[in-house]
2 protein chains.
Amino acid sequence: MPKRENISMSVIRRLPRYYRFLNQLKRDGVTRISSTELSAKLGLTASQIRQDLNCFGGFGQQGYGYIVEQLAAEIGRILGVAHNYRTVLFGAGNLGRAIAAHMDFEELGFELIGIFDNAPQKVGTVIRGMEVLNTASFEDFCKDNKPEMAALCIPRTAVEATVDRLYPLGIHSYWNFSHYDITMKYPDAVVENVHLNDSLLTLCYRISNNPEASHEPTKK
Amino acid sequence: MPKRENISMSVIRRLPRYYRFLNQLKRDGVTRISSTELSAKLGLTASQIRQDLNCFGGFGQQGYGYIVEQLAAEIGRILGVAHNYRTVLFGAGNLGRAIAAHMDFEELGFELIGIFDNAPQKVGTVIRGMEVLNTASFEDFCKDNKPEMAALCIPRTAVEATVDRLYPLGIHSYWNFSHYDITMKYPDAVVENVHLNDSLLTLCYRISNNPEASHEPTKK
DNA sequence: TAGATTGTTAATCGATTAACAATC
DNA sequence: TAGATTGTTAATCGATTAACAATC
């Protein structure tokens, strides 16, 4: 296996996009592509794409380009999509239910094996054909199922106690939708944050500071 | 009003975090803070915080630091949280309903004024005390309500046609949850993407390539 | 005044882009 | 072989960090 020592987050965050595009090309029946063609479709430079890919190995062929199917497979392997990490979801509120129902966990390297909530009125309800379990039973659940990742769709105030409980059970990876900063207390944890509030605020900033802003319908 | 010409996205994406922390400090009764104290709480360097703030003006006082309440207000003003941009939500599926119910639009510079969906079985249902309207009635709705932003919780395949419809109605800002790239066709549009799939894939990468990975419960 | 901390300039670091030799 | 395009090194650009003079 190739180099891959100190890949920067900038590179890592581009990989899913490459993966998505290549799979689309594959479905469209495209068999080969050059970095220049790919860069036009993605709005990047060809140089950057070649640099990014060469962090992991030489997947192309001089004078020819890249074989779409092969490159998609390589990136899939790099991302680890075949791992199917056993995943539990904490929080069956609006957001948790949407995430459970909406995400294609299986295509993205994860397998959703359990949904947990504290609230008695949520326990027993069914999401995506899966019964919401009581958080109280989580230790028992772990004995049989050994989850590896937890998606946290719970309030900020509940996250610390939840991670304190999950971390010693071997769950060291978190997809975190709250603004609680898990890595402050658990620097070894692998944490991916989704900060919807921050995302919306940056949009607000950019609307407010957009010189093009017209806020007026196009005149006919 | 101060400088503010060419603020980089790196800086803009840190502003919501500053804003959140400062509001928390305010609630905690903290009245003043130095860049060094703030940097410790945020896990950044003091230098970076001062550089960031000085993109917008000198909000501090030498030898003293920053007045929490005042700085929070300044950043709020910079972000534009008081604008309450009139917002419509397209798509009342799992994700759309969760976004409608879960987000505090009002605190984040937006006001949700309408939810739209094509599906007859969704039209008329109520989310957050708001009736889902038929997309067919959107032009009429615009005459009275003049929305400025659209949150798009619709399938990727529906986005192009939707933006083709909304853009001429004066809606040039989008909070986009699909993987359709709006700026390719509308380079002037202000677009904030939330790519949940990409987020999950980067987590997968980092779990797969984490040298610390044990995937084993802590021994007692 | 002395101490502290900002605002700002300069130095460093990292990421992107350009260039080109290697090679299919 | 000639043409094309990669892999990779070098140059540029931008972002972060360090240093310190200004000043409260």
The nucleotide from D:dG7, C:dG7, C:dT16 with an atom nearest the side chain of A:N54 is D:dG7
Minimum-distance nucleotide to A:S8 side chain [options: C:dA15, C:dT16, D:dT6] | C:dA15
Looking only at atom types and distance, does a side-chain atom of [X] sit under 3.5 Å from a main-chain N or O of [Y], one as donor and one as acceptor?
| X | Y | result |
| --- | --- | --- |
| B:R17 | B:L42 | yes |
| B:D104 | B:E106 | no |
| A:R156 | A:Y180 | no |

Using a strict 4.0 Å threshold on nitrogen-to-oxygen distance, state whether B:R86 and B:E148 make a salt bridge.
-> yes
For DNA chain C, the expected dot-bracket line (Watson-Crick or G-U under 3.5 Å, [ ] crossing, | inter-strand) is ..||||||||||||||||||||||
Within residues 32-41 of chain A: residues closer than 4.0 Å to DNA chain D (heavy atoms) = A:S34, A:S35
Taken to the nearest 0.5 Å, the spacing of B:L203 CG from A:Y85 OH works out to 9.0 Å
Once you round to the nearest 0.5 Å, how far does CD1 of B:I171 lie from NZ of B:K146?
->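 Answer for the CD1-NZ pair, B:I171 versus B:K146, is 10.5 Å.
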A:E37 and A:S34: side-chain donor and acceptor closer than 3.5 Å?
->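 Present: a donor and an acceptor within the cut-off.
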Go through the side-chain N and O atoms of B:Y186 and B:D164 and say whether any donor and acceptor fall under 3.5 Å apart.
->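 Short answer, yes.
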Evaluate whether atom NZ of A:K185 has more than 12 neighbouring non-hydrogen atoms of other residues, nucleotides or ligands under 6.0 angstrom away.
->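 Counting neighbours around NZ of A:K185, more than 12 heavy atoms of other residues, nucleotides or ligands fall under 6.0 Å, so yes.
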Nucleotides 17-24 of chain C: protein proximity per nucleotide (B base, S sugar-phosphate only, - neither; heavy atom, under 4.0 Å) | BBB--BBB
Given B:L112 and B:R128, is the side-chain contact (heavy atoms from CB on, under 4.5 Å) satisfied, shown in steps?
-> CA-CA 10 Å; B:L112 185 61; B:R128 205 199 217 192; 4.2 Å; yes
